[in-house]
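Just below is one structure, and these are the notes that go with it.
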Amino acid sequence: MASTASFSVESPQGPRTVSVAYERTGTGEPLLLLHGIGHHHQAWDPVLSALSAERDVLAVDLPGFGESPELPEGLSYDLPTVVAVLDAFCVETGLARPHVAGNSLGGLLALELGRQKLVRSVTALSPGGFWTGSERLLAFGTLRAMRRAARSMPVGLIERLSRSTAGRTALTSSIYARPGRRSPEAVVAETFALRQAAGFDQTLAAGRSAAFTHDVPGLPVTVAWGSRDRILLRRQGVRAKHTIPDARLVRLPGCGHVPMNDDPAMVARVILDTSR
C-alpha cells in the first residue's frame, strides 16, 4: 500500500497543496524512481528488490498518475512545474539530493533534476526530449492509441487477455519486448492505470514543446536505451550523448521502452553502478 506525502508548491495564484503517492523500501543512500506517462510506480517492481538491498528507494506515482491525484488548479504539467513538485516532495520526505532513475517521461524529469543539481546522479532509461518532430509525433500517436485501447476495452476482456502470453502481448507489446514475462496481475493493473490516468492528456500536451538541450555537468549521468524500443527509437540515445558529452550511453539488448521488466538484473545493475 502506497504512502502519501502532501506539501505546498507555489503557483501564479499563490501556494497550492500537492499530494504524491509513493512506496518506500530498503536502506542506504536515497534513490528516487520516476515512471513514464500513463504508468504507475509499480513499473519498477521487477527491480525493486535488487535496488532496495543497497538503496533507500522511493518509487513515486507522478501527479495525475497511479494513486497520485491531479495537480491542483494553478499548476501545469510542464517540465519546470513537475520538477518543482518533485523537489518539494524530496524536501517533505527528507531526501537530501537523492540519486534518481527515470523511464521515458521520468527520464526527462530525472535529467532536469540533474541539470538543476537537485540530485546526486541520474540514470535515464529511454528518456523523452531527444526526439525530432516526426519521432515525437510517432511516439505520441502510439501513446494515444494505447490509451484509447485501454479505455475502450471492457474490464472482463482485459482480465481474459492478461491470462495468456498472447493476450499480454496484445496489451503491452508496445512498451515491453518480452511481454510474456509480465504477470497477469501486473498487466491488468497497468492497463487500468493507463485508462484512469487523470494527468495523461495534460502531460502529453505539455510534452509537445519538451526538449532537453542542456548539458548536465558535475554529476554521474547514464543514458540507457533498449535495443527494441518501439516508442522512442534508440537513435535518440546518440543525440542524448551529444547533448550530454560526459554521460555514459548504455545499450540494453533485447529490451523495449520500459526495460525494467524485460531485463531486471541488467537494469538494476545500470542504476546501482551510476549511483555509486
Side-chain angles (χ1 to χ4, degrees), residues 33-39 43-44 46-47 62 65 79 100-112 114-115 122-150 168-182 190 194 197 200 203-216 221-264 266-267 270-271 274:
L33 301 179
L34 308 174
H35 62 77
I37 186 171
H39 225 145
W44 298 98
V47 297
L62 294 170
F65 298 97
L79 190 61
V100 62
N103 173 223
S104 194
L105 166 64
L108 174 59
L109 292 166
L111 288 168
E112 181 61 18
R115 188 186 73 83
V122 175
T123 306
L125 309 173
S126 295
F130 298 100
W131 42 51
T132 63
S134 60
E135 288 167 351
R136 182 186 60 77
L137 289 173
L138 171 65
F140 284 23
T142 302
L143 291 167
R144 289 191 186 97
M146 292 170 57
R147 165 91 156 168
R148 284 195 300 271
R168 292 195 294 280
T169 298
L171 289 169
T172 65
S173 62
S174 293
I175 59 173
Y176 299 127
R178 297 160 178 158
R181 293 186 175 184
R182 200 72 168 142
E190 63 196 0
L194 177 57
F200 183 92
T203 298
L204 207 61
R208 285 198 295 265
S209 59
F212 196 83
T213 59
H214 302 282
D215 194 5
V216 185
V221 176
T222 295
V223 176
W225 229 283
S227 65
R228 297 170 62 186
D229 194 328
R230 297 174 58 188
I231 293 182
L232 297 180
L233 306 179
R234 64 182 183 182
R235 60 176 174 256
Q236 295 171 38
V238 177
R239 294 188 203 123
K241 174 66 175 173
H242 289 156
T243 302
I244 312 167
D246 290 337
R248 179 177 63 138
L249 179 59
V250 176
R251 182 174 179 266
L252 303 175
C255 289
H257 184 60
V258 182
M260 298 84 80
N261 179 74
D262 289 327
D263 196 331
M266 180 167 53
V267 170
V270 168
I271 294 171
T274 308

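At least one side-chain heavy atom of Met260 sits less than 4.5 Å from a side-chain heavy atom of Leu125. Residues Trp225 and Pro127 meet the side-chain proximity criterion, which asks for heavy atoms closer than 4.5 Å. Side-chain contact check for Thr172 versus Val258: every heavy-atom pair is 4.5 Å or farther apart. Arg178 is listed as a side-chain neighbour of Asp263, based on a closest heavy-atom distance under 4.5 Å. Looking only at side-chain heavy atoms (C-beta outward), Arg182 and Leu171 stay at 4.5 Å or farther from each other. Within the 4.5 Å cutoff, the side chain of Met146 has heavy atoms near those of the Ile175 side chain.
The side chain to side chain contact (heavy atoms under 4.5 Å, CB included) test applied to Leu108 returns Leu79, Ala210, Phe212, not counting sequence neighbours. Applying the side-chain hydrogen bond (donor to acceptor under 3.5 Å, both in side chains) test to Ser104 and every residue at least two apart in sequence or in another chain returns His257.
Separation of atoms CZ (Arg144) and CG (Leu204) is listed at 4.5 Å; rounding is to 0.5 Å. Distance CG/Leu232 to OG/Ser126: 6.0 Å, rounded to 0.5 Å. Interatomic distance, CG of Leu252 versus CG of Asp262, reported as 9.5 Å (0.5 Å rounding). Note that the OG1 atom of Thr213 and the CZ atom of Arg115 stand 8.0 Å from one another [nearest 0.5 Å]. Within the model, atoms OG of Ser209 and CZ of Arg136 stand 8.5 Å from one another, a figure rounded to the nearest 0.5 Å. Remark: Arg148 CZ to Leu143 CG distance equals 11.0 Å, nearest 0.5 Å.
Nearest heavy atoms, Gly102 versus Ala110: N-CB, 4.1 Å. Residues Ala124 and Gly107 approach most closely at CB-O, 3.9 Å, considering heavy atoms. Nearest heavy-atom pair, Pro179 versus Thr169, reported as atom, atom and distance to 0.1 Å: CG-OG1, 3.5 Å. The heavy-atom pair separating Gly114 from Val122 by the smallest distance is CA-CG2, 3.8 Å. Closest non-hydrogen pair, Phe65 versus His39, comes out as CB-O, 3.6 Å. When all heavy atoms of Pro46 and Pro264 are compared, the pair lying nearest together is O-CB, 3.5 Å.
Under a 3.5 Å cut-off, the side chain of Asn103 and the backbone N or O of Gly36 do not form any donor-acceptor pair. No donor-acceptor distance shorter than 3.5 angstrom exists from the side chain of His35 to the backbone of Trp44, with no hydrogens or angles considered. Of the possible donor and acceptor atoms, none in the side chain of Trp131 sits under 3.5 Å from a partner among the backbone N and O of Leu138. Counting only distance, with no hydrogens or angles, the side chain of Arg181 and the backbone of Asn261 share no donor-acceptor pair below 3.5 Å. Of the possible donor and acceptor atoms, one in the side chain of Arg147 sits under 3.5 Å from a partner among the backbone N and O of Ala197.
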**Study point:** Evaluation steps, side-chain hydrogen bond (donor to acceptor under 3.5 Å, both in side chains), between Arg230 and Ser174
**Key:** CA-CA 6 Å; Arg230 297 174 58 188; Ser174 293; 5.1 Å; no
Check your understanding: So Arg239 and Thr132, side chain to side chain contact (heavy atoms under 4.5 Å, CB included) or not? Walk me through it.
Key -> CA-CA 10 Å; Arg239 294 188 203 123; Thr132 63; 3.5 Å; yes
Exercise for review: Evaluate the side chain to side chain contact (heavy atoms under 4.5 Å, CB included) criterion for residues Val270 and Arg248: first the C-alpha distance (whole Å), next the side-chain angles of each, then the deciding distance (0.1 Å), finally the verdict.
Suggested key: CA-CA 10 Å; Val270 168; Arg248 179 177 63 138; 3.9 Å; yes
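Each of Val238, Leu249, Thr274 was compared with Val223 under the side-chain contact (heavy atoms from CB on, under 4.5 Å) criterion, and only Leu249 meets it.
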